[in-house]
Amino acid sequence: MSLTEKIGLVVLRKLDPERAHTLALAALRAGFAPLPGPVTSHRLKTTIAGLTLPNPVGLAAGFDKNAEAIPQLSRAGFGFIELGAATPRAQSGNAKPRLFRLTEDRAVINRFGFNNDGMEVIADRLGRCRQSNHKIETPVGLNLGANKDSDDRAADFARVLAHCGNLIDFATVNVSSPNTEKLRDLQGPEALEALLSGVMDARKGLEKSVPVFLKIAPDLDSSEVDEIAEVARKSGIDAVIATNTTLSRDGLKSAHKREMGGLSGKPLFEKSTRVLARLSRNLGKDVPLVGVGGIESALDAYTKIRAGASAVQLYSAMVYHGLSLAPRIAKGIDDLLKADGFETVAEAVGTQRGDWL
């Protein structure tokens, strides 16, 4: 990490968390952030759901909700980036304050509630970016969401895909955010099958076949994970992202530990990795997995890979370690693969799954 980035993080941590995030995104757009380009090597090059990634380290949804910094993020060291969540209509989300740092726990709690500019504005930005001279160096995905006041939340996901699908490289169905009331009810097998059927029908109307990912919650028991695995296999989705934020507050020390919302960061690592490993056991090579939750080092990311993930995503750890964390982790994974004698990421996937079951 450069001295400039260290100073920047110190300054940002003195500000309200949501204000700090807005400023960090503005600084990125203005060029005040490290942009080394995608880190890659013959070991790091990864294929998931038909997408070719320079490395398996992705940016999770939530950092760039409104597609405002696509070219910059594609050059920040990630192997792929995910925007959103986008809903059919713009919405302001939940009341502020709604973002909290739990510094002692290296964690974050948010209750944003899918605040975003809506699919039309986001699609316009995606289109202008694709048509500009800006080079986009990694696959770009979009997290699909539902409006809080929607009469048919399941249909919202299909609407966003139909509107934005031709402008993205993959789409993620997000039924696992804890910050929209009753959204997680859509993870039940019957509701989830119907929702995914509508999304897959919307995909048929696109000019290209966009891979569809499903993002699930960590707060599922073993039987619920097994049910989702079966739905995933039947529905024909292309990957599962495990996992979103948790409602658990076990073992937290920070003053904000009782705030409502989804907890992300280091305390989520074990819970999310166990869900990931169980999914990996159930799905095998039929449906690839993306590991998310508590990753703040190359070893963390490598552990997710060996538990069953073909790729990983970061977000909350950047609050504490900066944007340069992505290339540092990618380079560290390369070193770990080499040390263990793996020639590719794929060779390492699931090789220590049993440790988490």
Side-chain angles (χ1 to χ4, degrees), residues 46-49 56-58 60 105-107 172-173 175-176 178 184 187-189 192-193 196 213-235 237-252 262-314 316-317 329 332-333 336-337 339-342 344-357:
T46 302
T47 300
I48 181 170
V57 182
D105 302 298
R106 300 202 306 279
T172 298
V173 176
V175 292
S176 51
R184 287 189 173 189
Q187 291 180 123
L192 187 57
E193 280 189 44
L196 291 175
F213 297 3
L214 171 67
K215 190 169 188 176
I216 67 168
D219 305 319
L220 301 167
D221 61 32
S222 296
S223 63
E224 290 171 325
V225 173
D226 295 345
E227 288 175 343
I228 285 178
E230 187 61 24
V231 172
R233 185 180 283 108
K234 288 180 178 178
S235 67
I237 63 166
D238 300 279
V240 177
I241 300 178
T243 64
N244 210 320
T245 57
T246 181
L247 293 172
S248 171
R249 298 295 186 266
D250 292 345
L252 297 182
L263 173 75
S264 58
K266 197 60 182 177
L268 182 56
F269 184 83
E270 183 172 337
K271 179 189 283 278
S272 62
T273 306
R274 293 194 184 283
V275 171
L276 169 73
R278 190 171 184 93
L279 276 174
S280 177
R281 186 193 68 178
N282 289 350
L283 293 171
K285 296 182 179 180
D286 294 342
V287 182
L289 305 175
V290 179
V292 194
I295 297 171
E296 60 177 21
S297 70
L299 182 57
D300 290 339
Y302 190 55
T303 299
K304 295 275 190 186
I305 289 167
R306 300 199 70 176
S310 295
V312 299
Q313 288 180 318
L314 318 174
S316 296
I329 286 180
I333 293 173
L336 290 164
L337 289 167
D340 287 340
F342 295 117
T344 65
V345 172
E347 288 182 7
V349 173
T351 51
Q352 290 185 333
R353 179 192 305 126
D355 294 351
W356 293 91
L357 296 174

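In this text the structure is predicted, and so the values were computed from the model without any measurement.
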(request) Quick one: pull up CG in Leu276 and CD1 in Ile241 and give me the separation to the nearest 0.5 Å. (result) 11.5 Å
(message) Ignoring hydrogens, what is the shortest heavy-atom contact between Ser297 and Ile329? Give both atom names and the distance.
(response) C-CG1, 3.7 Å
(message) To check you understand the geometry: which heavy-atom pair defines the closest contact between Arg184 and Pro178, and what is its length?
(response) NH2-CD, 3.6 Å
(message) Listing request: all salt bridge (charged side-chain N to carboxylate O under 4.0 Å, His left out) pairs with a residue in residues 286-297, at least two apart in sequence or in separate chains.
(response) Arg106-Glu296, Arg233-Asp286
(message) Working to the nearest 0.5 angstrom, can you tell me the gap between Leu214 CG and Ile228 CD1?
(response) 6.5 Å
(request) Evaluate the side-chain proximity of Asp105 to Leu252: yes if any heavy-atom separation is below 4.5 Å, no if none is. (result) yes
(message) Main chain of Gln352, side chain of Arg306: is a donor-acceptor contact present, judged purely on distance under 3.5 Å?
(response) no
(message) For a 4.5 angstrom cut-off between non-hydrogen side-chain atoms, does Pro189 reach Glu230?
(response) no
(message) Would Val290 and Ile48 count as a side-chain contact (heavy atoms from CB on, under 4.5 Å) here? Give the steps.
(response) CA-CA 9 Å; Val290 179; Ile48 181 170; 3.7 Å; yes
(request) With rounding to the nearest 0.5 Å, note down the distance linking OG1 in Thr351 to CG in Asp340. (result) 8.0 Å
(request) Mind listing the closest non-hydrogen atom pair of Pro267 and Ala107 along with its distance? (result) CD-CB, 3.6 Å
(message) Run Leu192 and Val173 through side-chain contact (heavy atoms from CB on, under 4.5 Å) and show every step you take.
(response) CA-CA 10 Å; Leu192 187 57; Val173 176; 5.6 Å; no
(message) Among Val231, Leu279, Asn282, exactly one meets side-chain contact (heavy atoms from CB on, under 4.5 Å) together with Asp226. Which residue is that?
(response) Asn282
(message) Between Pro218 and Leu268, is there a side-chain heavy-atom distance shorter than 4.5 Å?
(response) yes
(request) Measure across Gly291 and Ala309 and return the closest heavy-atom pair with its distance rounded to 0.1 Å. (result) N-CB, 3.6 Å
(request) Could you tell me whether a side-chain N or O of Gln187 sits under 3.5 Å from a main-chain N or O of Ala217, the two making a donor and an acceptor? (result) yes
(message) With heavy-atom distances below 4.5 Å as the criterion, would you say the side chains of Arg281 and Trp356 are in contact?
(response) no
(request) Would you mind reporting whether Asp300 and Lys266 have side-chain heavy atoms less than 4.5 Å apart? (result) yes
(request) Please test Asp238 against Val287 for side-chain contact (heavy atoms from CB on, under 4.5 Å), starting from the C-alpha separation and ending with a verdict. (result) CA-CA 6 Å; Asp238 300 279; Val287 182; over 6 Å; no
(request) May I ask you to test the Leu337-Glu347 pair for a side-chain heavy-atom distance under 4.5 Å? (result) no
(message) In the structure I gave you, are the side-chain heavy atoms of Val312 and Tyr302 within less than 4.5 Å of one another anywhere?
(response) no
(request) Report yes or no: does Asp221 contribute a side-chain atom to a donor-acceptor pair with the main-chain N or O of Ser223 at less than 3.5 Å? (result) yes
(message) For a quick test of reading the model, state the closest non-hydrogen atom pair linking Val345 to Pro56 and the distance between them.
(response) CG2-CG, 4.0 Å
(message) Is it the case that the side chain of Lys304 and the backbone of Gly293 share a donor-acceptor pair, with hydrogens and angles ignored and the cut-off at 3.5 Å?
(response) yes
(message) Between Ser316 (side chain only) and Ser264 (backbone N and O only), is there a donor and an acceptor less than 3.5 Å apart?
(response) no
(message) With rounding to the nearest 0.5 angstrom, report the OG to CD1 distance, Ser310 to Ile305.
(response) 8.5 Å
(request) Using the test side chain to side chain donor-acceptor pair (under 3.5 Å), find all partners of Thr47 that sit at least two apart in sequence or belong to another chain. (result) none
(request) With side-chain contact (heavy atoms from CB on, under 4.5 Å) as the test, would you mind laying out the steps for Lys271 and Asp219 before giving the verdict? (result) CA-CA 8 Å; Lys271 179 189 283 278; Asp219 305 319; 3.6 Å; yes
(request) State, to 0.1 Å, how close Asn244 and Ser176 come at their nearest heavy-atom pair, and which atoms those are. (result) ND2-OG, 3.0 Å
(request) Check whether any side-chain heavy atom of Val240 lies under 4.5 Å from a side-chain heavy atom of Ile216, and answer yes or no. (result) yes
